[in-house]
Engineer: 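For reference, the structure I am asking about is given below.
No experiment lies behind these values; they were computed from the predicted model shown.
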Amino acid sequence: MAGVQRFSVAEERSGHCAAMDQHCLYVWGGYVTIEENEVYLPHDEIWVFDIENGLWRVHLTDGDMPPSMSGSCGACLNGKLYIFGGYDDKGYSNQMYYVNLRSGNREFTWKQVKHFKGQPPTARDKLSCWVYKDLLIYFGGYGSRRHNELNDCFDVHDASWEGQMFWGWNNDVHVFDTEKQNWIQPVVKNSPPQARAAHSCALLGNKGYVFAGRVLQTRVNDLHFLNLDTWTWSGGIQIIGEKPPGRSWHTLTPVGDDQLFLYGGLSAESVPLSDGWIYSFKTNVWTEFKHLPKDQPR
């Protein structure tokens with residue numbers, strides 16, 4: 001049975017999912033490094049941070065639970081937490097699960113999305129998504145494909161010719177309609193961003209922004225948006241003035257109607273960052289925060 005424990009604190013972790021619903025932040029999965037080994041955190045726990053009272057609680061879950069993974073993409077829509085993709089010891093996933101966060105009985109029961117129409121994305125982790133209307137719109141990620149799945153949306157990094165498996169970065173767009181339970185791959189216009197993983201996505205109006213991420217052997221600092229009504233890419237936005245350094249594993253969060261807040265990540269030299277930046281859509285300028293603590297990179 002599912003249950004709840006109060007007034008504890010979530011373990012430190014990386015590669016987890018964190019998504020907001022109403023006034024609570026829901027955290028699932030990820031891993032912790034113990035003596036240079038990556039240990040996946042329990043798949044039957046959802047940690048909840050209440051931003052109104054500043055307290056953590058942990059829910060034990062049941063049902064058709066996702067395996068313990070890192071690099072999954074988590075998003076909240078209409079009171080449900082959706083988990084797609086990820087990586088564990090068995091490889092990359094392209095499965096989707098969800099849990100109703102507003103069930104009323106305080107029990108969290110996972111369900112796997114099994115009966116859907118359309119073709120889901122190939123298996124991958126470190127992807128991002130936009131929540132728009134009743135849609136979950138996924139972009140990018142690193143994963144595996146078979147030979148017959150190779151196309152222009154995939155940059156090959158490694159291959160097993162014996163098993164006919166390829167690993168690399170993606171830049172395709174896939175849409176899951178939560179009402180119709182239907183996967184769609186829209187035909188996008190203009191040139192998409194280069195294939196990447198561990199990037200960030202954020203929504204302003206009907207524009208889905210993408211910033212930075214791991215591209216081949218480097219970490220970039222380019223900014224793009226996708227018009228989610230016309231499926232038209234902007235091309236790389238030509239920023240006025242200074243730009244944040246390249247990075248991956250950072251966060252990008254909408255602030256108001258026309259600004260994005262960037263924080264932290266991993267630098268091109270693989271150093272954890274603690275800088276913060278604001279991007280203004282109106283002025284097309286990045287502005288660095290000067291007052292953030294420098295001793296808490298993440």
Side-chain angles (χ1 to χ4, degrees), residues 17-26 51 73-82 84 101 121 127-141 153 170-180 182-213 220-244 247-248 250-265 276-289:
C17 299
M20 290 289 298
D21 182 59
Q22 295 179 326
H23 58 87
C24 289
L25 175 71
Y26 294 85
I51 62 173
C73 186
C76 287
L77 176 59
N78 296 330
K80 295 175 181 174
L81 171 62
Y82 290 85
F84 177 79
L101 305 174
L127 67 161
S128 285
C129 87
W130 304 285
V131 178
Y132 184 61
K133 300 178 179 177
D134 288 322
L135 308 176
L136 298 170
I137 305 170
Y138 295 94
F139 171 75
C153 296
N170 298 275
N171 69 346
D172 45 1
V173 175
H174 292 265
V175 180
F176 184 71
D177 187 320
T178 58
E179 290 296 311
K180 297 178 181 177
N182 188 22
W183 281 105
I184 310 156
Q185 187 171 8
V187 177
V188 298
K189 305 178 186 73
N190 293 348
S191 298
Q194 194 172 351
R196 65 192 60 208
H199 50 285
S200 59
C201 286
L203 185 71
L204 286 179
N206 68 345
K207 294 182 174 66
Y209 283 84
V210 177
F211 179 72
V220 294
N221 66 345
D222 53 344
L223 182 68
H224 305 251
F225 71 77
L226 177 65
N227 184 309
L228 303 181
D229 291 322
T230 65
W231 304 114
T232 303
W233 281 108
S234 64
I237 298 173
Q238 300 302 308
I239 301 296
I240 299 170
E242 189 180 7
K243 297 194 290 187
R247 66 194 65 208
S248 61
H250 49 286
T251 62
L252 190 68
T253 308
V255 181
D257 295 330
D258 71 327
Q259 293 184 321
L260 300 171
F261 176 63
L262 166 69
Y263 182 74
W277 297 72
I278 285 277
Y279 172 74
S280 170
F281 167 71
K282 289 181 179 177
T283 63
N284 193 29
V285 169
W286 282 103
T287 305
E288 185 176 6
F289 271 41

Engineer: Please list, chain by chain and in numerical order, all residues satisfying ring-ring contact (aromatic ring centres under 6.0 Å, His included) with H250, sequence neighbours excluded.
Structural biologist: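 Listed in chain order: F211.
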
Engineer: Who are the salt bridge (charged side-chain N to carboxylate O under 4.0 Å, His left out) partners of E242, not counting sequence neighbours?
Structural biologist: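 E242 satisfies salt bridge (charged side-chain N to carboxylate O under 4.0 Å, His left out) with no residue once adjacent residues are dropped.
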
Engineer: Measuring from atom CD1 of I184 to atom CH2 of W231, what distance do you get when rounded to the nearest 0.5 angstrom?
Structural biologist: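 Interatomic distance, I184 CD1 to W231 CH2, rounded to 0.5 Å: 7.5 Å.
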
Engineer: Scan for salt bridge (Lys or Arg N to Asp or Glu O under 4.0 Å) pairs involving residues 202-211, sequence neighbours excluded, and state none if there are none.
Structural biologist: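 Non-adjacent pairs meeting salt bridge (Lys or Arg N to Asp or Glu O under 4.0 Å): zero.
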
Engineer: If you count heavy atoms of other groups shown closer than 6.0 angstrom to NZ of K189, is the number above 12?
Structural biologist: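 Atom NZ in K189 is packed in, count exceeds 12.
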
Engineer: Show the numbers, then the answer: is there a side chain to side chain contact (heavy atoms under 4.5 Å, CB included) between C153 and N171?
Structural biologist: CA-CA 5 Å; C153 296; N171 69 346; 3.4 Å; yes

Engineer: Which heavy atom of P244 sits nearest to which heavy atom of N221, and what is that distance?
Structural biologist: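 Here P244 and N221 meet closest at O-ND2, 2.9 Å.
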
Engineer: Side chains of residues 192-199: which donor-acceptor partners sit under 3.5 Å, not counting sequence neighbours?
Structural biologist:
| unit_1 | atom_1 | unit_2 | atom_2 | d |
| --- | --- | --- | --- | --- |
| R196 | NE | Q194 | O | 2.9 |
| R196 | NH1 | A212 | O | 2.9 |
| R196 | NH1 | D222 | OD1 | 2.8 |
| R196 | NH2 | D222 | OD2 | 2.8 |
| H199 | NE2 | F139 | O | 3.0 |

Engineer: Tell me every residue that passes side chain to side chain donor-acceptor pair (under 3.5 Å) with Y279, counting only those two or more places apart in sequence or in another chain.
Structural biologist: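 Per chain and number, Y279 pairs via side chain to side chain donor-acceptor pair (under 3.5 Å) with N284.
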
Engineer: At what distance, to the nearest 0.5 angstrom, does CG of L136 lie from SG of C76?
Structural biologist: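 Taking CG in L136 and SG in C76, the distance rounds to 10.0 Å.
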
Engineer: For C17 and G74, work out which heavy atoms get closest and say how close.
Structural biologist: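 For C17 and G74, the tightest heavy-atom pair comes out as SG-N, 3.5 Å.
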
Engineer: Any side-chain heavy atom of L203 sitting closer than 4.5 Å to one from L228?
Structural biologist: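 Yes, close enough: below the 4.5 Å cut-off.
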
Engineer: Using the side chain to side chain donor-acceptor pair (under 3.5 Å) criterion, which residues pair with T283? Sequence neighbours excluded.
Structural biologist: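 T283 satisfies side chain to side chain donor-acceptor pair (under 3.5 Å) with S280 only.
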
Engineer: Looking at CG of L101 and CG of L81, how far apart are the two atoms once the value is rounded to the nearest 0.5 Å?
Structural biologist: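 It is 5.5 Å, given to the nearest 0.5 Å.
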
Engineer: As an exercise, state the distance from SG of C201 to CG of L226, rounded to the nearest 0.5 Å.
Structural biologist: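 Rounded to the nearest 0.5 Å, the SG-CG separation comes to 9.5 Å.
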
Engineer: If you apply the rule side chain to side chain contact (heavy atoms under 4.5 Å, CB included), what do you find for I239 with W286, and how did you get there?
Structural biologist: CA-CA 8 Å; I239 301 296; W286 282 103; 3.7 Å; yes

Engineer: Determine whether F225 and L204 satisfy the following criterion, side chain to side chain contact (heavy atoms under 4.5 Å, CB included), listing intermediate values before the conclusion.
Structural biologist: CA-CA 10 Å; F225 71 77; L204 286 179; over 6 Å; no

Engineer: Find out whether P186 and V175 are in side-chain contact, i.e. whether some heavy atom of one side chain is under 4.5 Å from a heavy atom of the other.
Structural biologist: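 SC-SC contact between P186 and V175 confirmed.
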
Engineer: Listed by chain and number, what are the side chain to side chain donor-acceptor pair (under 3.5 Å) partners of T230, not counting sequence neighbours?
Structural biologist: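 Expected list: N227, T232.
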
Engineer: Under the rule for side-chain contact (heavy atoms from CB on, under 4.5 Å), what residues qualify as partners of S191, not counting sequence neighbours?
Structural biologist: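 Checked S191 against side-chain contact (heavy atoms from CB on, under 4.5 Å); zero matches.
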
Engineer: Any chance you could measure F176, atom CZ, to N182, atom CG, to the nearest 0.5 Å?
Structural biologist: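 With rounding to 0.5 Å, CZ (F176) is 8.0 Å from CG (N182).
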
Engineer: Hey, what do you get for NZ (K80) to CG (D21), rounding to the nearest 0.5 Å?
Structural biologist: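 That separation rounds to 12.0 Å.
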
Engineer: Can you find a heavy atom in the side chain of L127 that is under 4.5 Å from one in the side chain of N170?
Structural biologist: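 Not touching, per the 4.5 Å side-chain cut-off.
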
Engineer: Please name the pair of heavy atoms, one in A75 and one in C129, separated by the smallest distance, quoted to 0.1 Å.
Structural biologist: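 So the two residues come closest at CB-SG, 3.6 Å.
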
Engineer: Residues two or more places apart in sequence or in another chain: which of them pass side chain to side chain donor-acceptor pair (under 3.5 Å) with D172?
Structural biologist: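 Only R124, R145, H174 meet the side chain to side chain donor-acceptor pair (under 3.5 Å) criterion with D172.
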
Engineer: Could I get the full list of ring-ring contact (aromatic ring centres under 6.0 Å, His included) partners for F281, not counting sequence neighbours?
Structural biologist: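 By the ring-ring contact (aromatic ring centres under 6.0 Å, His included) rule, F281 matches no residue at all.
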
Engineer: Let me have the donor-acceptor pairs involving side chains of residues 253-263, under 3.5 Å, with sequence neighbours excluded, atom names and distances please.
Structural biologist:
| unit_1 | atom_1 | unit_2 | atom_2 | d |
| --- | --- | --- | --- | --- |
| Y263 | OH | Q296 | O | 3.2 |

Engineer: So which pairs with a foot in residues 130-140 pass side chain to side chain donor-acceptor pair (under 3.5 Å), sequence neighbours left out?
Structural biologist: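 Side chain to side chain donor-acceptor pair (under 3.5 Å) check on residues 130-140 returns N78-D134, Y132-D229.
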
